[in-house]
Structures are given as C-alpha cells and as structure tokens.
Engineer: 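Sharing a structure here in structure tokens format.
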Amino acid sequence: MAAKEPDPTPLDIAKGILDKLGCTTASYRLIVDIDPAERILEYAKTAEADMIVLGNRGMGMLAELLMGSVSMKISQYAECPVVIVK
C-alpha cells in the first residue's frame, strides 16, 4: 500500500501561488524564538524586506490582551508594509 503524501503546509501553498504568478524574489523563513515578533522585525530590517505577510491566529480578545499579539506588534513596529492574512 502506497504511503499517503502529507497535506501541503500553508507555506507550501503560498510558494505554489507565488510560483504560478512568476514571483522570483520572495524569501521564506521560519523564525521561532521567545519573542517571534522581535525576531521577525529584526530579520525584515536586515533583509531589507519590501513587505511582511503573516497569519492571524484569531486567539480572541482576552487571550490577545493577556499574551499580546505577534501580528499586532509587527504591524505597529515594522518599517515596511504588513499584510495580515486570516
């Protein structure tokens, strides 16, 4: 019996869409740290990123208030445009 291929990750889907559109300058990074917002902002600055695209987990107002929101922090402090995808 053949093994089932794993479902594509959101990153795989995004890469496929950009490939179909002919975009050749996008870079993909997985950044995990204690404060991912700071790491993403730091990387975007050093890479001279034109735009940051990230997802919104939709944790809800209470959890977001208590824990802070990575997407909110990035949208406030980024030096380039930020697109938040739900």
Engineer: Just verifying a value: how many Å separate Asp12 CG and Asp7 CG, rounded to the nearest 0.5 Å?
Structural biologist: 10.5 Å
Engineer: Mind checking side-chain contact (heavy atoms from CB on, under 4.5 Å) for Ala37 and listing every partner two or more places apart, or none if nothing turns up?
Structural biologist: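 Ala37 satisfies side-chain contact (heavy atoms from CB on, under 4.5 Å) with Asp35, Val70, Lys73, Ile74 once adjacent residues are dropped.
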Engineer: Determine the minimum heavy-atom distance between Cys80 and Ala49, stating which atoms define it.
Structural biologist: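 Closest approach of Cys80 to Ala49, heavy atoms only: CB-O, 3.6 Å.
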Engineer: Which ILVMFWY residues are connected to Leu21, directly or by a chain of links, through side-chain heavy atoms under 4.5 Å apart?
Structural biologist: Ile13, Ile17
Engineer: Nearest heavy-atom pair of Ile84 and Gly55: which atoms, and what distance?
Structural biologist: CG2-C, 4.4 Å
Engineer: How is the hydrophobic cluster of Val85 composed, in terms of its other members, when Ile, Leu, Val, Met, Phe, Trp and Tyr link through side-chain heavy atoms under 4.5 Å apart, directly or indirectly?
Structural biologist: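 Met51, Val53, Val83, listed by chain and number.
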Engineer: Counting only heavy atoms from other residues, nucleotides and ligands, does the tally under 6.0 Å from CD of Gln76 exceed 12?
Structural biologist: yes
Engineer: When rounded to the nearest 0.5 angstrom, what distance separates CD1 in Ile40 from NZ in Lys45?
Structural biologist: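 It is 16.0 Å, given to the nearest 0.5 Å.
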Engineer: Just verifying a value: how many Å separate Lys20 NZ and Lys15 NZ, rounded to the nearest 0.5 Å?
Structural biologist: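 Taking NZ in Lys20 and NZ in Lys15, the distance rounds to 15.5 Å.
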Engineer: Can you tell me how far apart CG (Leu54) and OG (Ser75) are? Round to the nearest 0.5 Å.
Structural biologist: 8.5 Å
